[in-house]
Protein chains: 2
Amino acid sequence: MKAIEKFLEEKHVRPTAMRMLIFKFLAQKQVAVTLADIEIAFEKSERTTIYRTIKTFENSGIVHVIEDGSGVSKYALCEAGCNCELDSDLHLHFHCEICKETQCLTETKIPHINLPPGFTATDASLVVKGTCDKCNKE
Amino acid sequence: MKAIEKFLEEKHVRPTAMRMLIFKFLAQKQVAVTLADIEIAFEKSERTTIYRTIKTFENSGIVHVIEDGSGVSKYALCEAGCNCELDSDLHLHFHCEICKETQCLTETKIPHINLPPGFTATDASLVVKGTCDKCNKE
DNA sequence: ATAGTCCTGCAACGGAAGTGCATTTTTTCC
DNA sequence: GGAAAAAATGCACTTCCGTTGCAGGACTAT
């Protein structure tokens, strides 16, 4: 918990109790979560607080948003190798159509994309859909 | 109009007046449109009809959905080179952060992605964000 | 022409995102 | 330590988008 507190301070986010709990929850999850997921995990607290906490995390580069096509936004902690701020970074996310879970595959490298003349890229998001390793074993 | 009628019939979609109009609208647009865009263009007709028309088009492989991160779904006609049904197809879409428009860059090829062991892909979507050619000229 | 199927229009629902404002908590500064 | 200021939280409400149920209208087939 002390580590979380320090981390949040480094990101210029005040380490309130709620924020540390939500951060811990995100850290424990191996997959991206929706706002509703967090609400269920913390029934005692308010939707708005969770919403604003995630927004704060997002603006501070602590989490990044994933639109996996399920219609609702999902959030995952930015890892060490996740250069969300960098222009050239490509986020690879995998959405399992069986268990409906979305995870970051940070170790999978994405080749560079050549855009047509006149286009300049600042960000990119790649969502691959299919069956994840767990569901393929069953 | 006759061509549209024929095309819809080939896709096993009955060529009603509404459907042909919406198809024509989509064909004229160079960018992906939202349901709201179509509603504005056809103020006289009902939201639901447009919604169901697009759903019909989607299920018949006439249009494909794009989630460009703006929160709302956008739709674009499947072109000749758009193998929406094929498993290995990668849809490359470009979302301009200035004019907020999303377009299909079908001529831009996507390299193959190597997934970690255990993962199998059935679909993928790639959205690149930045500045489009038009906005870069200004 | 009639029955059946499909399409369209209207109304309403539901989920998720977002906002305004009052209250509480935390920080700052004396 | 205590008051003032700033930030975080809780509650209510709104809006937006997608979706569905149902009734009437249009089309198709026989």
Side-chain angles (χ1 to χ4, degrees), chain A residues 1-2 4-25 32-60 62-76 95 100 102, chain B residues 1 4-6 8-25 32-60 62-76 95 100 102:
Chain A
M1 269 314 208
K2 272 291 173 192
I4 297 177
E5 195 175 332
K6 210 159 202 170
F7 180 82
L8 290 182
E9 280 172 353
E10 283 173 8
K11 294 284 186 176
H12 306 290
V13 170
R14 296 210 175 152
T16 65
M18 205 57 230
R19 287 174 179 174
M20 290 201 289
L21 282 174
I22 292 180
F23 184 92
K24 193 180 171 190
F25 176 76
V33 299
T34 65
L35 286 176
D37 292 334
I38 307 177
E39 286 170 38
I40 293 168
F42 299 94
E43 284 187 25
K44 297 290 175 62
S45 41
E46 275 313 295
R47 220 170 49 81
T48 317
T49 305
I50 296 167
Y51 168 74
R52 284 198 251 243
T53 299
I54 287 292
K55 277 291 172 202
T56 303
F57 283 1
E58 192 185 338
N59 294 332
S60 306
I62 296 172
V63 302
H64 62 258
V65 194
I66 307 166
E67 311 252 355
D68 61 8
S70 64
V72 293
S73 298
K74 294 185 179 178
Y75 302 89
H95 177 68
K100 309 290 181 197
T102 300
Chain B
M1 269 314 208
I4 296 177
E5 195 174 331
K6 210 159 202 169
L8 290 182
E9 280 171 353
E10 283 173 8
K11 294 285 185 176
H12 307 290
V13 171
R14 294 210 177 153
T16 65
M18 205 57 230
R19 287 173 179 175
M20 291 201 288
L21 281 175
I22 292 179
F23 184 92
K24 192 181 171 190
F25 177 76
V33 299
T34 65
L35 286 176
D37 291 334
I38 307 177
E39 285 170 40
I40 293 168
F42 299 94
E43 285 187 24
K44 295 290 176 61
S45 40
E46 276 313 295
R47 225 165 53 87
T48 316
T49 305
I50 295 167
Y51 167 74
R52 283 199 251 243
T53 300
I54 287 292
K55 276 291 173 201
T56 303
F57 284 1
E58 191 185 338
N59 294 332
S60 307
I62 296 172
V63 302
H64 62 258
V65 195
I66 306 165
E67 311 253 354
D68 61 8
S70 64
V72 294
S73 298
K74 294 186 179 177
Y75 303 89
H95 177 68
K100 309 291 181 196
T102 300

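A quick note: this is a predicted structure, and the numbers were derived from the prediction, not measured. Protein chains get the first letters and strands the later ones, always in sequence-line order, with residue 1 at the start of each.
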Are any non-hydrogen side-chain atoms of A/Glu5 and A/Glu9 less than 4.5 angstrom apart? yes
What is the distance, to the nearest angstrom, from the CZ atom on A/Phe23 to the C1' atom on D/dA8? 19 Å
For A/Thr16 and C/dT26, is the shortest distance between a side-chain N/O and OP1 or OP2 below 4.0 Å? no
Take the angle between the ring planes of B/Phe42 and B/Phe25 and call it parallel below 30°, perpendicular above 60°, tilted in between. perpendicular
Could you tell me whether the side chain of A/Arg52 has a donor or acceptor atom within less than 3.5 Å of a complementary atom in the base of D/dG10? yes
Tell me the interatomic distance from B/Asn59, atom CG, to D/dT19, atom C1', rounded to whole angstroms. 14 Å
Whether A/Lys55 contacts C/dG18 is assessed here as follows: a side-chain N or O lying under 4.0 Å from the phosphate OP1 or OP2. Is that the case? yes
NE2 of A/His12 versus P of D/dA8: gap in Å, rounded? 14 Å
Return the nearest nucleotide to the side chain of A/Thr49; candidates are C/dC7, D/dG10, C/dG9. D/dG10
Is a side-chain donor or acceptor of B/Asp37 paired with a backbone partner of B/Val33 at a separation under 3.5 angstrom? no
When you measure from the side chain of A/Arg47, which nucleotide among D/dA8, C/dT19, D/dC13 comes out closest? D/dC13
On the nucleotide C/dG18, are OP1 or OP2 found under 4.0 Å from the side-chain N or O atoms that A/Tyr51 carries? yes
What nucleotide among C/dA17, D/dA8, C/dG20 has an atom nearest to a side-chain atom of A/Thr48? C/dG20
